[in-house]
Amino acid sequence: IIAVLSALHTFLKYDALEDRHHQYSRHFANLQVDLETLLAKSPITRGDPITVVERYKTKYTVLINNAPDLPEKLERNCCAPEETQAIEMT
C-alpha cells in the first residue's frame, strides 16, 4: 500500500503543488505588509493615489492570475463572507 501511495504522490506532483502554494502564500503576505506599510505613512508621503492604487492593483492581479487554484471546499471555508451578528439598539 505504501508503495502505491508513494507512486500516486509522485505522479500527482503533490510536493511541487505544495511548494507553489507556500510560495504564493508568501507573495500575498508580502503584498499585505507592503499595503499596511503604505497605509501607516502620512497621506502626503504616499505619492499620487491613482498611481499607487494602479501599482498595487497590478501586483495583485499578477498574483491572482499566477497563483495555484485552491480546492473549492477550502476556498468556501476560508473565503466565505463572515457571519455578522446584528446589534440590537434599545
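The first residue of the sequence shown is numbered 1, and numbering continues consecutively from there. If you're wondering where the values come from, they're calculated on a predicted model, not measured in any experiment.
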Exercise. Are Val62 and Phe28 connected, step by step, through hydrophobic side chains (Ile, Leu, Val, Met, Phe, Trp, Tyr) whose heavy atoms are closer than 4.5 Å?
Worked result: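 Each belongs to a different hydrophobic cluster.
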Exercise. Can you hop from Ile64 to Leu31 via hydrophobic side chains spaced under 4.5 Å?
Worked result: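 Yes, one cluster joins them.
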For this session: Give a yes or no on whether the backbone of His21 and the side-chain of Ser25 come within a donor-acceptor separation of less than 3.5 Å.
Result: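 The answer is no, because no donor-acceptor pair under 3.5 Å joins these two groups.
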Exercise. Does Thr45 reach the main-chain N or O of Lys41 with its side chain, forming a donor-acceptor pair under 3.5 Å?
Worked result: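 Not at all, since once roles are kept as given, no pair shorter than 3.5 Å links the two residues.
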Exercise. In Å and rounded to the nearest 0.5 Å, what is the OH to OG1 distance from Tyr56 to Thr61?
Worked result: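 Here the rounded value is 14.0 Å.
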Problem set entry | Spacing of CZ belonging to Arg55 relative to CG belonging to Asp48, to within rounding of 0.5 Å |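 Here the interatomic distance stands at 10.0 Å.
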Which heavy-atom pair separates [X] from [Y] by the least distance, and what is that distance?
| X | Y | answer |
| --- | --- | --- |
| Gly47 | Val52 | C-CG2, 4.3 Å |
| His27 | Leu63 | CB-CD2, 3.4 Å |
| Arg46 | Leu38 | NE-O, 3.2 Å |
| Ala67 | Arg20 | C-NH2, 4.2 Å |

Exercise. Of Asp34, Leu35, Val33, which meets side chain to side chain contact (heavy atoms under 4.5 Å, CB included) against Thr37?
Worked result: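 The passing option is Val33.
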Problem set entry | Leu39 CG: over 12 foreign heavy atoms closer than 6.0 Å |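 Count over threshold, so yes.
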